[in-house]
Asker: 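Have a look at this one.
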Amino acid sequence: MSPYDPQSIERRWQAVWAEESTWEVANPGQPGFDAAKPKAYVLEMLPYPSGEPHVGHLKCYAVGDAIAHFRRRHGFEVIHPMGYDSFGLPAENNAIKTGEPPRVATERSIESFRRQFREWGVSIDWARELATHTPEYYRWTQWIFLQLFEKGLAYRTEAPVQWCPKDATVLANEQVVDGRCERCGTEVIQRSLEQWFFRITEYADRLLADFEQLESWPEHVITMQRNWIGRSEGAEVVFRCSEEEVGLDFPVFTTRPDTLFGATFFVLAPEHPELMRLVEGTPAEAEVREYVNRIGRESASERGAEDREKTGVPLGRSVVNPVNGDEIPMFVADYVLMEYGTGAIMAVPAHDSRDYEFAQAFGLPLRRVIEGEDAEAARDSEGLPYPGDGPMTGSGRFDGKGNRDAYEEIVAWLAAEGRGDSAVNFRLRDWLVSRQRYWGAPIPVVYCEGCGEGGAPAIVPVPAEQLPVELPEIEDYAPQGKSPLAAAEGWVATECPRCGGPARRETDTMDTFVDSSWYFLRYLDSRNGEAAWGREAVDHWFPVDQYIGGVEHAILHLMYARFFTKALADLDLLGAQEPFANLFAQGMITRDGAKMSKSRGNTVSPAEYVERYGADSARTYVCFMGPPERGGDWTDEGVEGVNRFLSRLWRLCEEVEGRTAPSAVPDLGEPAARELMAKAHWAIEKVTRDFQRGFQFNTAIAAVMELVNDAYRLKDGLYAELRTGAAVRFATATAASLIFPFAPHLGAEVYERLRGERVWEQPWPVADPELLASDTVTLIVQVNGKLRDRVEAPSEAAEEELLALAKASEKVSKHLEGKDLVKEIVVPGKLVNLVVR
RNA sequence: GCCGGAGUGGCGGAAUUGGCAUACGCGAUCGACUCAAAAUCGAUUGCCUUUACAGGCAUGUGGGUUCAAAUCCCACCUCCGGCACCA
């Protein structure tokens, strides 16, 4: 008997799958396309190729591959492609440090990922492979940009933006975490720059509403996106700064129009565009200017600090409260944010904690307009600020009404007067997509003086037939506040496609999240040189039936991809509104309880384990560690345990092959054989159910382990007879069949040896209900809910019979003596509970 | 502060959704094989009392519903994740 040698088994099957292109599927209209088969699009998030794959990748693709195999064997035509998200900052930063062109490092890394995915035995349709940094791909990224531009969904404007001084680039709001750059951790500063945006805010309502259309997404991912979009309902109300002063209208957004009568002052954000106009030439000007400059120099995290004192400067101006005509003083203060609402607020210190703090600091009056539960206390300023509900007070004709009712009436009244209206506000900002970096897809527009008007050059899109706008080779990748592309003079200077005159290329590139917002469409027709995709292919395969990836992309990538899908559907380029019907968010693997990082030195290299124990052990282990949606701590002992199980299956196979006949039919008359057969069918049932109920792979694998353990325990007694030995062969082949989605190489090997067939071509086994049902049941007999005895009973027995058997037990009757039987509960085939007093 | 998720052995975690709590794996202890080790195989492994038979107590805490609760209800505690001066 030879020992389990994963290396040779795995090499053998990988060669078969590569030679036979086993996992390639045809598109509609292509030879080999089977229209009768239902389709399943199984997709894992594409990797960012940097260095070598890590355990997170192993887990993601192990989970995804198990699902793909499971669906295939349920009769689905499974499309399971792979690609690389190969543009991005790390490759470029590496280039700045080492001088090695990003393309070279990236392609080396892709080669390593590709090789390892093959070594892991992942069932990928390699004919569809793509990389986002190739001109064949980014040509279409640029084409999509132009489609959005034509629709007005891509636009260029000057805006205050988040700027990372270290990476010398603008960041999307989503890439700023705690006021720091998500990538390098440097504190972000605010700058005002001309930038390209995608109008994702136009889709805010649909992005919220269409959660309904999703089949199965983790609740917390939906919640995170919902929080991020941050829809709030309220009213926009106009406060006017009188003609005698400056004659300007200041709209504010409020979620509490019911507190309008309580507004005692008014605050503008330091970035508010009308701010300087209000104080120009007044005594307040110098102080306001100094305040604004000081705030401008502060970082986002300083400004957002938790226990920050309220600061501000009075403007010496006032606005009129439209509900009561009161003149209230204006301030500038940094607790008001320009990015949210209108950058101006009405301050109601009696009912808002932030306004309250500011009022305390500046000695401003409070005005209570909603009584709390305790009307007595409401007379003085006890319990303020009060955020709750109650009857109105100090609000003219609304006094005495509930504040919720007053809310509606006040909004209606303002609308009738033309001083306000109900309004909805979102936290979501438009998506800033331009980056002043080299390693990305160039934005396909040129600036033409000749076509421009009034001195400003015109933005002229590059015509689709001239795409791609290829990224030029450059020598210096270091950013100098503008894109390194700006230095490639020969590339920047071009011809205007509209007038033929001299023009200059846009030197910014696109955020890599743009590349990954549509790759799942390109897979469906990745060799198409005429279009981004053929409509027939997309209509057949799209949307993705099962998407798998880390939670770290719960907001950014997933929301951008949803936005793209909707925008492309609106352009009639595809038929679906949502890209991912089902989402599975895998948990993170840690080592020694901590996140893996190079600096901590606790990284796990999958290649090392694949070499030592085989890909099957490594893959099965990451699925067995715990529920895959949760994280887990990697231990070497754990991998060894799984390896032990697989080699036990291997030894069982070797033994069974030599000691049983392939054609023998298991004898169900022999109790041990029957027990083992029943166990095999129980395992089929269990694994199938665990798959269907949210990919509970840990328990599915445990069931196969149990089956193998039982086969091991019973085998020696069964080999004696040909017909009973057949049960061991059956159990072993079944175990191979069930473990195949996790350990495909060994699964295929064992199955082929015992059955002479390729396991992936076999339908998923179905449990025989007759074998699952047993002749006898073990009756659990309880007295007053406490376990007293276990009694064997025929499974067909009637209720009275079961009761009689239960009472006949010696242990039970002991507890019944001298007591009244109050109630008898019989759960058929399971349990008898006798209630006594 | 708001929203979401979770608390079960020494550890990762099971429990057919109200019916034998702790499957499976790790770790630990003992034994077989061996000159020895590795590998493998077998046994034990929630806590307490008991030589044993047996009994009692255990699913974060306290209460409730029920013949029966890890599971349902109420209150509380703790941990993790997301958002947060968002008007």
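Each chain gets a letter, A, B and so on, in the order the sequences are listed, and its residues count up from 1. Worth knowing before you read on, the calculation uses all heavy atoms, side chains too, and leaves out hydrogens, waters and symmetry mates.
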Asker: Just the rounded figure in Å: distance from C1' of B/A15 to NZ of A/Lys686.
Answerer: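 Whole-Å distance recorded here is 8 Å.
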Asker: Assign A/Val336 to base, sugar-phosphate, or nothing according to its heavy-atom contacts below 4.0 angstrom with the strands shown.
Answerer: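 It contacts base atoms.
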Asker: Using whole Å, report how far NE2 of A/His351 lies from C1' of B/C85.
Answerer: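 In whole Å, B/C85 C1' lies 19 Å from A/His351 NE2.
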Asker: Before you tell me yes or no, could you show the steps for A/Asp334 and A/Arg308 under salt bridge (Lys or Arg N to Asp or Glu O under 4.0 Å), namely the whole-Å CA-CA distance, both residues' side-chain angles and the distance that decides it to 0.1 Å?
Answerer: CA-CA 10 Å; A/Asp334 69 347; A/Arg308 190 174 164 92; 2.5 Å; yes
Asker: What distance, rounded to whole Å, do you find between the two P atoms, one in B/U8 and one in B/C72?
Answerer: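 The answer is 16 Å between these two P atoms.
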Asker: In terms of side-chain heavy atoms of A/Leu337, which of B/C83, B/C85, B/A23 is nearest?
Answerer: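 Nearest to the side-chain atoms of A/Leu337, counting from C-beta on, is B/C85.
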Asker: For A/Phe584 and A/Phe691, I'd like to know if the aromatic rings sit close, meaning centre-to-centre distance below 6.0 Å.
Answerer: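 No, too far apart.
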Asker: Give a yes or no answer on whether the side chain of A/Arg562 reaches the backbone of A/Leu207 with a donor-acceptor pair at less than 3.5 Å.
Answerer: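 Yes: the side chain of A/Arg562 pairs with the backbone of A/Leu207.
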Asker: Tell me which nucleotide among B/C67, B/A87, B/C41 gets nearest to the side chain of A/Lys823.
Answerer: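 Of the options given, the side chain of A/Lys823 lies nearest B/C67.
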Asker: Quick check on B/U78: syn or anti? Syn means the glycosidic torsion is within 90 degrees of zero.
Answerer: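 For B/U78, whose glycosidic angle is more than 90° from 0, the conformation is anti.
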Asker: By the salt bridge (Lys or Arg N to Asp or Glu O under 4.0 Å) test, which pairs, at least two apart or in different chains, include something from residues 632-643 of chain A?
Answerer: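 Applying salt bridge (Lys or Arg N to Asp or Glu O under 4.0 Å) to every pair that reaches into residues 632-643 of chain A, excluding sequence neighbours, yields A/Arg591-A/Asp636.
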Asker: Return the set of residues passing side chain to side chain donor-acceptor pair (under 3.5 Å) with A/Tyr4 (not counting sequence neighbours), or none when no residue passes.
Answerer: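 None.
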Asker: Distance check: side-chain N/O of A/Arg693 vs OP1/OP2 of B/U17, anything under 4.0 Å?
Answerer: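 No.
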Asker: Holding to side chain to side chain donor-acceptor pair (under 3.5 Å), I want the full list of residues that pass it with A/Thr688, two or more places apart in sequence or in another chain.
Answerer: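 Side chain to side chain donor-acceptor pair (under 3.5 Å) check on A/Thr688 returns A/Trp764.
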Asker: Applying the side chain to side chain contact (heavy atoms under 4.5 Å, CB included) test to A/Tyr609, which of A/Val55, A/Asn643, A/Val604 qualifies?
Answerer: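 Only one option passes, and that is A/Val604.
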Asker: Taking the nucleotide of RNA chain B with the closest heavy atom to each, which residue, A/Thr342 or A/Ile701, is nearer the 5' end?
Answerer: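 This one resolves to A/Ile701.
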Asker: Report the distance from atom CZ of A/Arg427 to atom C1' of B/G82, rounded to the nearest whole Å.
Answerer: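 About 10 Å, once rounded to whole Å.
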Asker: For each nucleotide in nucleotides 26-34 of chain B, reading 5' to 3', give B when a protein heavy atom comes within less than 4.0 Å of its base, S when such contact involves only the sugar-phosphate, and - otherwise.
Answerer: SS-------
Asker: Partners of A/His553 by ring-ring contact (aromatic ring centres under 6.0 Å, His included), sequence neighbours excluded?
Answerer: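 With sequence neighbours excluded, A/His553 shows a ring-ring contact (aromatic ring centres under 6.0 Å, His included) to no residue whatsoever.
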Asker: Could you tell me the separation between the CD atom of A/Glu706 and the P atom of B/U16, rounded to a whole number of Å?
Answerer: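 Result: 14 Å.
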Asker: What is the distance, rounded to the nearest whole Å, between atom CE of A/Met224 and atom P of B/G82?
Answerer: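 Checked: the CE to P distance equals 7 Å.
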Asker: Tabulate protein N/O versus nucleotide N/O from nucleotides 2-12 of chain B, keeping only pairs under 3.5 Å, one per line.
Answerer:
| unit_1 | atom_1 | unit_2 | atom_2 | d |
| --- | --- | --- | --- | --- |
| B/G12 | O2' | A/Met625 | O | 2.7 |

Asker: Respond yes when some side-chain nitrogen or oxygen of A/Gln696 is under 4.0 Å from OP1 or OP2 of B/A23, and no when none is.
Answerer: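 No.
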Asker: What form does the base of B/G9 take, syn (within 90° of 0) or anti?
Answerer: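 Nucleotide B/G9 adopts syn.
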Asker: Can you list the stems that RNA chain B is part of, where a stem is at least 3 pairs in a row, each Watson-Crick or G-U, with both distances below 3.5 Å?
Answerer: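 So the stems come out as B:1-7 with B:77-83, B:10-12 with B:24-26, B:27-32 with B:40-45, B:46-49 with B:54-57, B:60-64 with B:72-76.
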Asker: Looking for any heavy atom pair under 4.0 Å, which part of the strands does A/Glu629 touch: base, sugar-phosphate only, or nothing?
Answerer: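 Here A/Glu629 touches no strand at all.
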Asker: Holding to side chain to side chain donor-acceptor pair (under 3.5 Å), I want the full list of residues that pass it with A/Asn403, two or more places apart in sequence or in another chain.
Answerer: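 Testing A/Asn403 for side chain to side chain donor-acceptor pair (under 3.5 Å), a comparison that skips the adjacent residues, returns A/Asp258, A/Asp389.
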Asker: When the C1' atoms of B/A70 and B/U59 are considered, how many whole Å apart are they?
Answerer: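 5 Å, rounded to whole Å.
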Asker: Give each protein N/O atom lying under 3.5 Å from an N/O atom of nucleotides 18-22 of chain B, with the pair distance.
Answerer:
| unit_1 | atom_1 | unit_2 | atom_2 | d |
| --- | --- | --- | --- | --- |
| B/G19 | N2 | A/Gln782 | OE1 | 3.4 |
| B/C20 | O2 | A/Arg790 | NH1 | 2.8 |
| B/C20 | O2 | A/Arg790 | NH2 | 3.2 |

Asker: Name the residue from A/Thr732, A/Asp710, A/Val728 that meets the side chain to side chain contact (heavy atoms under 4.5 Å, CB included) definition with A/Lys715.
Answerer: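 When A/Thr732, A/Asp710, A/Val728 are each tested with A/Lys715, the side chain to side chain contact (heavy atoms under 4.5 Å, CB included) holds only for A/Val728.
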Asker: If you only use heavy atoms from C-beta on, which nucleotide in B/C85, B/C24, B/G82 is closest to the side chain of A/Ala702?
Answerer: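 When the side chain of A/Ala702 is considered, B/C24 is the closest of B/C85, B/C24, B/G82.
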Asker: Working to the nearest 0.5 angstrom, can you tell me the gap between A/Ile825 CD1 and A/Leu831 CG?
Answerer: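 The distance works out to 8.5 Å.
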Asker: Just how far, in rounded Å, is P of B/A87 from CZ of A/Phe331?
Answerer: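 Answer to the nearest Å: 22 Å.
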Asker: Are any side-chain N or O atoms of A/Lys59 and backbone N or O atoms of A/Gly587, one a donor and one an acceptor, separated by less than 3.5 Å?
Answerer: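 A pair under 3.5 Å: yes.
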Asker: What's the gap between B/G7 and B/U61 when it is taken at their C1' atoms, as a whole Å value?
Answerer: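 Result for the C1' pair: 11 Å, nearest Å.
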Asker: Got a sec, which residues hit ring-ring contact (aromatic ring centres under 6.0 Å, His included) with A/Phe331, two or more places apart in sequence or on another chain?
Answerer: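 Applying ring-ring contact (aromatic ring centres under 6.0 Å, His included) to A/Phe331 gives A/Phe265, A/Phe358, A/Phe362.
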Asker: Looking at A/Tyr407, I'd like to know if the NZ or CZ of A/Arg404 sits under 6.0 Å from its six-membered ring centre while staying within 45 degrees of the ring's axis.
Answerer: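 No.
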Asker: Could you write out each protein N or O paired with an N or O of nucleotides 42-45 of chain B at a distance under 3.5 Å?
Answerer:
none

Asker: Can you tell me how far C1' in B/C85 sits from the matching atom in B/C80, rounded to whole Å?
Answerer: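 To the nearest whole Å, 25 Å.
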Asker: Supply the atom-to-atom distance A/Thr259 OG1 to A/Met346 CE, rounded to the nearest 0.5 angstrom.
Answerer: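 Interatomic distance, A/Thr259 OG1 to A/Met346 CE, rounded to 0.5 Å: 4.0 Å.
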Asker: So what does A/Ser647 touch, heavy atoms closer than 4.0 Å: a base, only the sugar-phosphate, or nothing?
Answerer: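 Since no nucleic acid heavy atom lies under 4.0 Å of A/Ser647, the category is nothing.
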Asker: Could you tell me how far apart A/Lys715 (NZ) and B/U40 (C1') are, to the nearest whole angstrom?
Answerer: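 The answer, rounded to whole Å, is 10 Å.
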Asker: Distance between the P atoms of B/U71 and B/U66, in whole angstroms?
Answerer: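 After rounding to an integer number of Å, I get 16 Å for this pair.
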Asker: Assign the ring pair A/Trp634 / A/Tyr621 to parallel, tilted or perpendicular, where the plane angle (0 to 90°) is split at 30° and 60°.
Answerer: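 Correct class here is perpendicular.
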Asker: Would you say the side-chain atoms of A/Arg427 pair up with the backbone N or O of A/Trp228, donor to acceptor, closer than 3.5 Å?
Answerer: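 Between the backbone of A/Trp228 and the side chain of A/Arg427 there is a qualifying donor-acceptor contact (under 3.5 Å).
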Asker: Checking A/Glu233 now: which residues fulfil side chain to side chain donor-acceptor pair (under 3.5 Å) with it, not counting sequence neighbours?
Answerer: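 Counting only residues at least two positions away or on another chain, A/Glu233 forms a side chain to side chain donor-acceptor pair (under 3.5 Å) with A/Arg231.
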Asker: Give the rounded distance in Å between these two atoms: CE of A/Met330 and P of B/A87.
Answerer: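 My rounded result for the distance is 20 Å.
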